[in-house]
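Everything numeric here is computed off the predicted structure, so don't read it as measured data.
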Amino acid sequence: MAAAVPQVRYRRVGAELQLLRKQSGKSAQEVATAVPGMNLMKLSRYENAAVQLKPEVVKSLLDFYECGPGLAEVLLEGLRDTGRPGWVAGYGDLNPLHQDLIRLEETAVSCRSYEVSYIPGLLQTRRYARTIIASGSHRGASLEARVEVRINRQSVLTREDDPLKLWTVIHESALTMKAPDNVMEDQLDRLIQWSELGNITIQVMPALAPPHAGQNGPFTLLEFPHRDLDLVLLSDMISSRWVEKPTEVEAYRVAFDQIMATALGLEDSLSLIREKRDQLK
């Protein structure tokens, strides 16, 4: 696979190609015969995202299926190789899903996240990140490599051209973790500093909040210029997975709106963060 195109994008395109073929009423053999440069094995690999999907080949298939221009644009946009970020190549042992996340954050226009137990990775200090990562089980990349990757990811928030817009809601419980050596105090200070940037919005979900959609667990919604390319990342202790279907992604978008409405307002959220920080001094 071409490293700069996230695997989740290939899966989406492959699934759409298979659906379009079935909707066209064409058999795999008919497509393999009619489309130049195509054969049964290659078509199968494209539909199952088992090889690098070349945009020109995908376009030939889309044209053959008479795919509408709107969907065709979305699918081809998902295959564009931005060449960013180059630094990921230095971490070959990184989980492929995390590599996808980093590349997708680079091309997203906004990120909405709800966190229950931790400060969002994009806002963590180095010492907080090391404390959190060291507390869990991890394979592949070393502890320090994982910390470095997490800190490097934050460049999307401070880049000069079109910084990522981040709106995050953090549960109050994540502000009260017991950690040594002023780790938590420094982290809360950093949250306050992050909130001063125009592209970052932080809300706190109070411990005594009424029932809300966030009680189903944390999630991250990445939004792109083409809404049909939006994705949701779900993570737990064992694994992580992408929610890719537009209808399911939309359900999380609605859920996040409800979460924002339930959480404390911006000023009250910052006041609570300052209060938690001051309690640690």
What pairs with R253 under side chain to side chain donor-acceptor pair (under 3.5 Å), at least two apart in sequence or on another chain?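 Checked R253 against side chain to side chain donor-acceptor pair (under 3.5 Å); matches are E223, D230, E250.
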Going by side chain to side chain donor-acceptor pair (under 3.5 Å), name the residues that satisfy it together with K26, two or more places apart in sequence or in a different chain.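 Result, side chain to side chain donor-acceptor pair (under 3.5 Å) vs K26: none returned.
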Taking atom [atom1] of [X] as the centre, does the number of heavy atoms from other residues, nucleotides or ligands within less than 6.0 Å exceed 12?
X: R45; atom1: CZ; result: no
X: K165; atom1: NZ; result: no
X: D162; atom1: CG; result: no

Any side-chain heavy atom of [X] within less than 4.5 Å of one from [Y]?
X: V169; Y: M260; value: yes
X: E244; Y: V249; value: no
X: Y128; Y: R150; value: no
X: L234; Y: Y252; value: yes
X: T168; Y: L122; value: no
X: E275; Y: L188; value: no
X: R112; Y: T220; value: no
X: L104; Y: V8; value: yes

List the steps, then state whether side chain to side chain contact (heavy atoms under 4.5 Å, CB included) holds for V51 with Y46. CA-CA 6 Å; V51 293; Y46 263 61; 3.8 Å; yes
For the pair V243 and L231, evaluate side chain to side chain contact (heavy atoms under 4.5 Å, CB included) and give the outcome as yes or no after the intermediate values. CA-CA 6 Å; V243 176; L231 295 163; over 6 Å; no
Backbone N or O of [Y] within a donor-acceptor pair of the [X] side chain at under 3.5 Å?
X: S173; Y: V116; result: yes
X: N199; Y: P163; result: no
X: N48; Y: A50; result: no
X: D100; Y: Q7; result: yes
X: Q124; Y: I119; result: yes
X: R274; Y: D189; result: no
X: N39; Y: K42; result: yes
X: Y114; Y: H171; result: no
X: S117; Y: A174; result: no
X: E105; Y: I102; result: no

According to a 4.5 Å side-chain heavy-atom criterion applied to Ile, Leu, Val, Met, Phe, Trp and Tyr, with indirect links allowed, do [X] and [Y] form part of one hydrophobic cluster?
X: F224; Y: V13; result: no
X: L19; Y: V74; result: no
X: V204; Y: M184; result: yes
X: Y118; Y: L166; result: yes
X: L191; Y: L197; result: yes

Report the distance from atom [atom1] of [X] to atom [atom2] of [Y], rounding to the nearest 0.5 Å.
X: D186; Y: D181; atom1: CG; atom2: CG; result: 9.5 Å
X: W194; Y: Q154; atom1: CH2; atom2: CD; result: 4.5 Å
X: S155; Y: R153; atom1: OG; atom2: CZ; result: 10.0 Å
X: W167; Y: S113; atom1: CH2; atom2: OG; result: 12.0 Å
X: L175; Y: M177; atom1: CG; atom2: CE; result: 10.5 Å
X: T201; Y: Q203; atom1: OG1; atom2: CD; result: 8.0 Å

Would E30 and S27 count as a side-chain hydrogen bond (donor to acceptor under 3.5 Å, both in side chains) if you check the C-alpha gap in whole Å, the side-chain angles of each, and the deciding distance to 0.1 Å? CA-CA 5 Å; E30 288 177 296; S27 69; 3.3 Å; yes
Stepwise side chain to side chain contact (heavy atoms under 4.5 Å, CB included) check, E66 with L20: CA-CA 9 Å; E66 298 182 345; L20 286 167; over 6 Å; no
Measure the acute angle between the ring planes of F256 and F219, then classify it against the limits of 30° and 60° as parallel, tilted or perpendicular.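 Perpendicular: the ring planes of F256 and F219 meet at over 60°.
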Could you give me the CA-CA distance, side-chain angles and deciding distance for S240 and S235, then say whether side-chain hydrogen bond (donor to acceptor under 3.5 Å, both in side chains) is met? CA-CA 4 Å; S240 299; S235 300; 2.9 Å; yes
For [X] and [Y], which I'm curious about, is there any donor-acceptor pair between the side chains at under 3.5 Å?
X: S44; Y: E47; value: no
X: E56; Y: S60; value: no
X: R190; Y: Q193; value: yes

Salt bridge (charged side-chain N to carboxylate O under 4.0 Å, His left out) involving K59 - partner list, sequence neighbours excluded: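 K59 satisfies salt bridge (charged side-chain N to carboxylate O under 4.0 Å, His left out) with D63 only.
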side-chain contact (heavy atoms from CB on, under 4.5 Å) partner of L75, the single match among L17, D228, L62: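 When side-chain contact (heavy atoms from CB on, under 4.5 Å) is applied between L75 and each of L17, D228, L62, only L62 qualifies.
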E267 vs S271, test: side-chain hydrogen bond (donor to acceptor under 3.5 Å, both in side chains). Steps then yes/no. CA-CA 6 Å; E267 289 301 322; S271 294; 5.4 Å; no
Show the numbers, then the answer: is there a side chain to side chain contact (heavy atoms under 4.5 Å, CB included) between I200 and S195? CA-CA 6 Å; I200 297 177; S195 69; 5.6 Å; no
